[in-house]
Participant: 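Pasting a structure here, questions to come.
We name chains A, B, ... by the order of the sequence lines, and we start the count at 1 in each one.
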There are 2 protein chains.
Amino acid sequence: MKKRARLKDIAELTGFSTNTVSLALHHSPLVAAETSAAIWTVARQLKYRPNQLARSLVNQQSKTIGLVLTNIQNPILTRAAEAIQKALLGHRYATLFATSNHSLEQEKLAIETFLGRQVDGLLVYPTHHGEIAHIVEAQEQGTPVVLLSGGRDASIDAVAIDSRVGAQRATEHLLSLGHRRIGVIDIAPALGNFEKQDGYRDALKAHGIALDRELIVEAGRTGLGEGYAAAGVLLGLGAPPTAILAANDLAAIGAIHRLDEMGISVPKDMSVVGFDNIDLAAHVRPPLTTVSYDADLLASRAVERLLRLIEADVAVETQHQVEFVEPELIVRNSTARPKG
Amino acid sequence: MKKRARLKDIAELTGFSTNTVSLALHHSPLVAAETSAAIWTVARQLKYRPNQLARSLVNQQSKTIGLVLTNIQNPILTRAAEAIQKALLGHRYATLFATSNHSLEQEKLAIETFLGRQVDGLLVYPTHHGEIAHIVEAQEQGTPVVLLSGGRDASIDAVAIDSRVGAQRATEHLLSLGHRRIGVIDIAPALGNFEKQDGYRDALKAHGIALDRELIVEAGRTGLGEGYAAAGVLLGLGAPPTAILAANDLAAIGAIHRLDEMGISVPKDMSVVGFDNIDLAAHVRPPLTTVSYDADLLASRAVERLLRLIEADVAVETQHQVEFVEPELIVRNSTARPKG
DNA sequence: ACTGCCGGTATTAACGTTCCTACGTAGCGC
DNA sequence: GCGCTACGTAGGAACGTTAATACCGGCAGT
């Protein structure tokens, strides 16, 4: 295997010391112009590319951050991932990437791997909003962390959308249309992610409607298949709902598919609200009423926050804050007044 | 900022040399059992985590590979990305990730960044199947590369699905239903990705049907919006097609949305075939006839191939091969005989 | 008693950088 | 002609790890 060019190679060819070569390649004003020119010429010939690892070792920073997501089937997460990676590359940071697949073990493994590679910071969409001890530990050991979701407790910085308010507004919308029995398709709060259900309860309470736990269907994740299955469950109830609030658009689309199969028309016979406003939401039939937010904004805020933490070098002592991105309800055609 | 524990710290605390510590932590049989035990105890107390960068520097391998995709809006790519990352982590490799966003510049930047970080290999879904000189160069400089797409020329190894055959089968299906004017929504072949159109032509030729260039609508990428727009174009033709072949499922869904708006029923008035068989394909209305292939298989094959190249350390001299994953047509309800 | 070996540990150099300090030469003023 | 400064370049250590080699004491064999 051909070896890559090193400073030393350039040094030997030009007759200068590696140190001078290093300075020249950094455009240091200390080296004479012609020296610099000669060095650059040779460097280009050899296709010299600095070894970032060696650099990291002495600089004590890898210019790399780690991104851990639960999965990237959900388009809104992929979109965030893409935006994050792009924003980081703009700041000359590389992105190490891993998916936890909703498994705490895999999440820990990924974080461990990243820390071993001396990432300068971590961006994590945690599997379980409650179990973040391992993340806190990484932070305490000196690696800044920003979570991409989370409640209002602040042992770690977070930039997230306000799911609670989003869910509350979506429920509000259904209530204002006249719905009184509203089904929910959500991730199991055993995973600690109860913001959306809290928003749902908030809205019900404001209207003096009692919570019927039967109307809440939970699964380990919320994808197309889960939405499809959950819709079946809700329809099988003695008193089925007249509207469904899904934790994300994919679950909503899955649910609509099932309703369609059962001959139930959306929105005539049943209203459905999604969450995330993925591109697809506008293109399915019927176009989905959903909770929208700016994923790119979320990504860039999270990146900025993380970079600030890295620069400040105060991962630990800082007062952690949770920053929310405002959700907005987009009303399309999957919701209407209840029949009768 | 707290400093992370190093071998030297453990050495000082235990009284042994750093070398002995290193050996002990590697479970070397050379060190006495009690020495090893003492070292391990202290290591755990200090939460010692080896610095993989330092290790990489001396071992001359980073145990990291770089993954470059065009974008991850297309679910099939995200799925591959996830599978790839998982497979790599299983082999104790970390994944550096970047999206080129269909821009050659960004692709180059990403690869440059990765090479600087001494990745042991690259997995690239190239922006442009024709312009891969920069990728070949990386390979020539000693970094193994496996492409995730590509034609039959083999200056670089590739594991890809046989798009040509896939498109040919899809077209075949439409022809056998009786369609004679089949529209195509594809990415602009200016980007060098003409496999699908070639498959389409193959099928037409086999049936002795002349190619009508008017029926081929091209765009810079193939997403929902592009499908939506392209359907409009096809319908505006003097002699519109009776069926549409879309380069991927998202484009197909976008197209169906447009057809729906125009009051054209799928599959009664118009058949539509997608490509990729994303999860969604089964959940939209009507369920999509599409070309399916095993993305996970593709991912694991690509990873295996790359790891083999890395181990063999023969990035350059090896005879490069393109390995195809077979596509399969899944017939659902978006295709039917033409009217009348 | 000397050699040889062996288990256990230490020493040293190396990986490719960067940073700090040192060195040499030339020009300048006195 | 002496020291001073300025400029350009070189040397060395350091980052945290691994690998090759060196060392050292004790025991067995002759």
Participant: Reckon B:Ser17 has a side-chain N or O less than 4.0 Å from the OP1 or OP2 of C:dT11?
Facilitator: no
Participant: Between P on D:dA14 and CZ on B:Arg6, what's the gap in Å once rounded to a whole number?
Facilitator: 11 Å
Participant: Calculate the interatomic distance between B:Leu7 atom CG and D:dT18 atom P; express it in whole Å.
Facilitator: 6 Å
Participant: How far apart are the C-alpha atoms of A:Tyr48 and A:Leu7, what are their side-chain angles, what is the distance that settles it, and do they pass the side-chain contact (heavy atoms from CB on, under 4.5 Å) test?
Facilitator: CA-CA 8 Å; A:Tyr48 171 74; A:Leu7 285 183; 3.5 Å; yes
Participant: Just how large is the angle between the end axes of the helix from C:dA1-D:dT30 to C:dC30-D:dG1, five pairs per end, to 10 degrees?
Facilitator: 70°
Participant: Tell me what B:Thr35 touches on the nucleic acid: a base, only sugar-phosphate, or nothing, going by heavy atoms under 4.0 Å.
Facilitator: sugar-phosphate
Participant: Less than 3.5 Å apart, any donor N or O on the side chain of B:Glu107 or B:His128 sitting next to an acceptor on the other?
Facilitator: no
Participant: Looking only at side-chain N and O atoms, does B:Gln60 come under 4.0 Å of OP1 or OP2 in C:dG16?
Facilitator: yes
Participant: Does D:dT18 have OP1 or OP2 sitting under 4.0 Å from an N or O in the side chain of B:Ser22?
Facilitator: yes
Participant: Between the side chains of A:Arg117 and B:Thr64, does any donor sit under 3.5 Å from an acceptor?
Facilitator: yes
Participant: Does a donor on one side chain sit under 3.5 Å from an acceptor on the other, for A:Arg4 and B:Thr143?
Facilitator: yes
Participant: Which nucleotide, C:dA10, D:dT18, C:dT17, lies nearest any side-chain atom of B:His26?
Facilitator: D:dT18
Participant: Measure CG/A:Leu53 against P/C:dT18 and give the value in whole Å, please.
Facilitator: 12 Å
Participant: Find which nucleotide of DNA chain C each of A:Leu23 and A:Arg49 is nearest to by heavy atoms, and output the residue with the more 5' nucleotide.
Facilitator: A:Arg49
Participant: Rounded to the nearest Å, what distance is computed from the CG atom of residue A:Asn59 to the P atom of nucleotide D:dA13?
Facilitator: 20 Å
Participant: If the test is side chain to side chain donor-acceptor pair (under 3.5 Å), which one of A:Gln139, A:Arg308, A:Gln319, A:His320 qualifies with A:Asp157?
Facilitator: A:His320
Participant: With no hydrogens and no angle check, is any side-chain donor or acceptor of B:Asp120 less than 3.5 Å from a backbone partner on B:Gln61?
Facilitator: no
Participant: Within a strict 4.5 Å, meaning less than it, do heavy atoms of the A:Ser62 and B:Leu53 side chains meet?
Facilitator: yes
Participant: Would you compute the distance between atom OG1 of B:Thr14 and atom CH2 of B:Trp40 and round it to the nearest 0.5 angstrom?
Facilitator: 13.5 Å
Participant: Could you tell me how far apart A:Asn51 (CG) and C:dG16 (C1') are, to the nearest whole angstrom?
Facilitator: 6 Å
Participant: Classify the nucleic acid contact of B:Gly15 as base, sugar-phosphate or nothing, counting any heavy atom under 4.0 Å across all strands shown.
Facilitator: sugar-phosphate
Participant: Please state how far atom OH in B:Tyr48 lies from atom C1' in D:dT17, giving the value in whole angstrom units.
Facilitator: 7 Å
Participant: Looking for any heavy atom pair under 4.0 Å, which part of the strands does A:Thr18 touch: base, sugar-phosphate only, or nothing?
Facilitator: nothing
Participant: I need the NZ-C1' distance between A:Lys8 and C:dT17, as an integer number of Å.
Facilitator: 13 Å
Participant: Looking across every strand, which nucleic acid part, if any, lies under 4.0 Å from B:Asn19 by heavy atom: base, sugar-phosphate, or nothing?
Facilitator: base
Participant: Would you mind reading off the distance between A:Leu30 atom CG and D:dT5 atom C1', rounded to a whole angstrom?
Facilitator: 15 Å
Participant: Which sits closer to the 5' end of DNA chain C, B:Val31 or B:Ala54, going by the nucleotide each is nearest to?
Facilitator: B:Val31
Participant: With respect to the side chain of B:Phe16, which nucleotide from D:dT18, C:dT9, D:dT9 is positioned closest?
Facilitator: C:dT9
